[in-house]
Amino acid sequence: MQPKPNIVHLPAYQPGKPVEDVQRELGLAEVIKLASNENPYGASPKVKEAIAGEAANISVYPDGASHRLTDAVARHHGVRPDQIIFGAGADEVIMMIARTFLRPGDETIMADSTFSQYRHHAEIENAVSVEVPLIDGKHDLPAMSARITERTRIVWICNPNNPTGTIVTAAELEAFLSGVPSSVMVVLDEAYAEYVTDPAYPNGLELLKRYPNLVVLRTFSKIYGLASLRIGYGIGDASVIRAINPVRLPFNTSRFAQAAALAALEDQAFVERCRRMNEQERKALQQAFARLGLESFPAHGNFILVDLRRPSNEVFDALLRKGVIVRPGHKGYPNHVRITVGSPDQNAKLIAALEALLQEDRVPRA
Ligand SMILES: Cc1ncc(COP(=O)(O)O)c(C=O)c1O
């Protein structure tokens, strides 16, 4: 049996290494994972109660349309319920958008170093990915605009961008959106939006009112701390959401995920605490990197892309042996690793491990 020719070369997604595997393989007592941009503070305690409350309904299918959660998210963002679609993570929303709108041969534009799933799903749909180089780790919106043709269907903007952590500003985004033909969809991936504290950051939800071709992606995996439950969403014009709904699996989000997301959304004090802690720890890490003579990109999410001036896989291995898992191998950044902003304790351990690595200089400099 042969798979479709356009997917035979595609690799399966490579997740960050699980802590348990590393502990077992290297015989380490403690391992910290700063590789998948998860929330080091877990989730709101209210989430656990909500999940326990759903245990009695384990044998009953969930509400496929997530009505209660949809209403709550709509109220939270000031949009209508028919503007929202849920997925098993924002990942699934990306897949559904690609499946709904990309035909073989269509063009779709994205940055050259950004979240891998935009290109991945474009390839599965046999669409043509047009990659536009980042400038200093930032989306080059004028260059992306210049690449739009009559074959372009979707432009993907990751803000903050994974892996560089940079943002496009409100003024830059508005200038871009005002020049995009209304027939071209712009997907604004705001998986890390709640972490951003820079006032120049755009309000994607406000822009939806003026740009019906805009779709905003959000997730409960990051600041809300529900990564294992798999729940994220897209917000767009009701006509766009209506178009996507038929490709959604009937029960794509679980009862546990829906109940947990509802409880998480209600605990905005937890979100605020995580945002503040992350900002403080992000600054502390950036200062520590600077002290160690390491350059990093201006980070706005809960992760930092830092230049170790050595092949990133070697840095990964060396830090792994010291019990710290980071993310190497980012396209265009062979000597950088992406490090999640952890708790104060985790960050102290990371910096100690980095300091030791730089001192030992076990890894030859490139
Ligand atoms: C930019 C970006 N978008 C989307 C996702 C997908 O998140 P999830 O599927 O967990 O909601 C991630 C996950 O790391 C991400 O970094």
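Counting convention: from 1, in listed order, for ligands and their atoms alike. The model shown is predicted, which means the values in this text are computed figures rather than measured ones. This chain uses plain numbering: 1 for the first residue, then up along the sequence. Every heavy atom of this structure was used, including side-chain atoms; hydrogens, water molecules and symmetry mates were not.
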Check ligand 1 against [X] and write out every atom of the ligand that is under 4.0 Å from a heavy-atom position of the residue.
{"X": "G89", "value": "8 (P), 9 (O), 11 (O)"}
{"X": "R230", "value": "8 (P), 9 (O), 10 (O)"}
{"X": "Y192", "value": "1 (C), 14 (O), 15 (C), 16 (O)"}
{"X": "C158", "value": "1 (C)"}

Donor-acceptor contact present, side-chain T70 to main-chain A65, <3.5 Å
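Yes, T70 side chain to A65 backbone: donor-acceptor pair under 3.5 Å.
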
Is it the case that ligand 1 has an N or O less than 3.5 angstrom from some N or O of K222?
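Min N/O separation from ligand 1 is below 3.5 Å for K222.
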
Taking both backbone and side-chain atoms of A90, is any N or O found less than 3.5 Å from an N or O belonging to ligand 1?
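A90 vs ligand 1: N/O contact under 3.5 Å present.
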
Per the side chain to side chain contact (heavy atoms under 4.5 Å, CB included) rule, which among R276, R275, Q280, R282 passes with N278?
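In the set R276, R275, Q280, R282, the residue that makes a side chain to side chain contact (heavy atoms under 4.5 Å, CB included) with N278 is R282.
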
With ring centroids as reference points, do H139 and F176 lie under 6.0 angstrom apart?
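Not under 6.0 Å, so no.
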
Closest approach of any protein heavy atom to [atom], naming residue and atom:
{"atom": "atom 12 (C) of ligand 1", "answer": "F115 CZ, 3.4 Å"}
{"atom": "atom 10 (O) of ligand 1", "answer": "S221 OG, 2.6 Å"}
{"atom": "atom 3 (N) of ligand 1", "answer": "D189 OD2, 2.6 Å"}
{"atom": "atom 6 (C) of ligand 1", "answer": "D91 OD1, 3.3 Å"}

Does D198 CG have over 12 foreign heavy atoms under 6.0 Å away?
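Above 12, so yes.
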
Within a 6.0 Å radius of atom CD on E295, are there more than 12 heavy atoms belonging to other residues, nucleotides or ligands?
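Check fails, neighbour count at 12 or below.
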
Scan F316, F297, F303 and name whichever one has a ring-ring contact (aromatic ring centres under 6.0 Å, His included) with H336.
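Of the listed options, the one satisfying the test is F297.
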
